[in-house]
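Data first, discussion second: the structure below is written as structure tokens.
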Amino acid sequence: MSPITEPRGYLEKQPLFLLVIVSSSPKKQDNADKRSMLRQTWGNIKNTHIQQQWKVVFMMGKASTSEMNEAIMKEQEEYGDLLIGDYRDAYRNITTKLLMAFQWASRLKCNYVLKTDDDVYIDIPKFIKWLIAREDKLTNSNYFYGGVLYSGAVVRNTAHRHYVSRTELPWDYYPKFCKGSMFVVSWNLIQKMVDLSRQVIRIPPDDAYIGILANLLGVDPVRIDGFLQASYLHWFVSFISLCQLRDLMGIGDSLTPDQMNYVHQVKTSASNSKGFNIVCISLHMKFFLFLLFCCTGLLFLCYRRCGRFQWWPK
């Protein structure tokens with residue numbers, strides 16, 4: 001699982017507090033645009049102004065055409081932050097992609113490894129502050145694995161991209177695991193997961209596979225309340241209150257580059273942090289108020305069309 005090219009200068013530099021591994025793809029311009037926006041926003045180290053050392057790398061496999069691979073290598077020459085594996089970048093190889101990145105990360109020295117996607121926004125200063133607060137409860141012998149928790153049945157439908165045969169995994173249900181859009185693992189757990197993966201058959205849902213490894217190692221996943229994840233979130237980003245956006249540590253997935261930039265502007269704008277009070281209304285409350293408005297409107301229309309109706313018979 002050795003990479004064909006890796007980020008420059010990481011092995012020679014001082015230890016990191018946090019290594020961020022972002023899953024991306026070499027195949028689409030959309031992914032290139034997301035990487036570009038990420039470098040300009042939350043992935044820009046110069047804009048964070050925090051003491052702890054952290055870095056961002058993008059993991060991917062090889063593209064299907066030489067033209068795409070040439071474009072990716074030019075991007076690597078310019079930025080030096082790509083970790084490219086010697087395999088075709090396809091969904092069935094998603095677990096191989098993650099294990100390759102974990103194996104590479106095990107050669108570094110850091111406290112934590114955060115795995116996320118290129119359509120997710122991470123508030124690095126806020127997240128590092130949260131990790132530091134947790135360290136008071138941890139010792140060098142403790143392992144940590146946390147994110148947005150999920151549990152479900154193993155998919156047996158051969159047409160589904162999450163299909164797993166009983167030969168690959170005889171269990172009917174996955175143990176509780178952290179969704180792949182954003183989860184963090186303590187560095188001392190990374191090598192143990194890589195070593196154990198040599199004995200456990202790989203299955204395509206990479207997040208479920210990591211959950212299986214954690215379960216076999218006796219590590220329970222921890223829910224991180226500051227992570228907000230939903231595949232439909234890009235439809236509702238503009239409805240999330242400004243103060244709720246600022247309080248979140250991770251937001252995704254399916255964010256467009258423009259939406260990522262919007263979240264970044266909200267989180268970094270001085271005008272939004274001081275000078276006036278904002279009434280915070282959560283996304284769930286806004287949805288409830290929207291339903292209440294719709295129901296009230298329907299009742300009013302019924303009243304107008306049907307005339308006064310009696311609530312009880314005379």
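Numbering of residues begins at 1 and proceeds along the displayed sequence. Keep in mind that the numbers below use all heavy atoms, side chains included, and drop hydrogens, waters and symmetry copies.
- Atoms CD1 and CD1, on Ile50 and Ile132 in that order, are 7.5 Å from each other to the nearest 0.5 Å.
- Listed for the Lys267 side chain is a donor-acceptor partner under 3.5 Å among the backbone atoms of Arg246.
- For Lys126 (side chain) and Gly250 (main-chain N/O), no donor-acceptor pair under 3.5 Å exists by modelled atom type.
- Side chains of Ser151 and Tyr173 form no contact here, defined as non-hydrogen atoms less than 4.5 Å apart.
- The existence of a salt bridge linking Asp81 and Arg39 is confirmed by a sub-4.0 Å separation between a basic side-chain nitrogen and an acidic carboxylate oxygen.
- The main-chain N or O of Ile45 is found under 3.5 Å from a side-chain atom of Thr48 such that the two form a donor-acceptor pair.
- Residues Asn31 and Pro26 are not in side-chain contact: their nearest non-hydrogen atoms beyond the backbone lie 4.5 Å or more apart.
- Between Ser231 and Gln229, the closest heavy-atom pair is N-NE2, 4.0 Å.
- Put simply, the side chain of Asp117 never gets that close to the backbone of Asp119: no donor and acceptor are under 3.5 Å apart.
- Taking 4.0 Å as the cut-off between side-chain N and carboxylate O, Arg35 and Glu75 count as a salt-bridged pair.
- Side-chain N/O atoms of Asn111 and Glu135 include a donor and acceptor closer than 3.5 Å.
- When each of Leu82, Asp118, Val22 is tested with Met60 by the rule side chain to side chain contact (heavy atoms under 4.5 Å, CB included), just one qualifies, namely Leu82.
- In this pair, Trp130 and Phe127 present their aromatic rings parallel. The plane angle is below 30°, not in the 30 to 60° band.
- Looking only at distances, no side-chain donor or acceptor of Gln199 sits under 3.5 Å from a matching main-chain atom of Leu196.
- The existence of a salt bridge linking Lys62 and Asp86 is confirmed by a sub-4.0 Å separation between a basic side-chain nitrogen and an acidic carboxylate oxygen.
- Here Glu6 pairs with Arg107 in a salt bridge; the nearest charged N to carboxylate O distance falls below 4.0 Å.
- Looking only at atom types and distance, the side chain of Ser64 has no donor-acceptor partner in the side chain of Arg88 under 3.5 Å away.
- Contact check for Ser181 versus Phe227: no side-chain heavy atoms found under the 4.5 Å cut-off.
- A salt bridge between Asp225 and Arg223 is present, with a side-chain N of the basic residue lying under 4.0 Å from a carboxylate O of the acidic one.
- The number of heavy atoms from other shown groups lying within 6.0 Å of OH (Tyr150) does not exceed 12.
- In this structure, the side chain of Ser186 engages the main chain of Phe144 through a donor-acceptor pair within 3.5 Å.
- The backbone N or O of Ile203 sits less than 3.5 Å from a side-chain atom of Thr95, completing a donor-acceptor pair.
- A distance-only check finds no donor-acceptor pair linking the side chain of Tyr121 to the backbone of Gln259 [under 3.5 Å].
- Here the side chain of Trp104 pairs no donor or acceptor atom with the backbone of Pro7 at under 3.5 angstrom.
- A donor-acceptor pair shorter than 3.5 Å can be found between the side chains of Asp195 and Gln191.
- Aromatic pair Tyr174/His162: centroids not less than 6.0 angstrom apart.
- Ionic pairing of Lys179 and Asp207 is not present here: no N-O contact between side-chain nitrogen and carboxylate oxygen is shorter than 4.0 angstrom.
- The number of heavy atoms from other shown groups lying within 6.0 Å of NZ (Lys192) does not exceed 12.
- Of all heavy-atom pairs between Met68 and Ala63, the closest is CB-CB, 3.3 Å.
- Judged purely by distance below 3.5 Å, without hydrogens or angles, the side chains of Glu70 and Ser66 never pair a donor atom with an acceptor atom.
- Arg156 contributes a side-chain N or O that, together with a main-chain N or O of Val164, makes up a donor-acceptor pair within less than 3.5 Å.
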From CA spacing to verdict: side chain to side chain donor-acceptor pair (under 3.5 Å), Asp33, Gln29: CA-CA 6 Å; Asp33 294 339; Gln29 181 60 42; 2.9 Å; yes

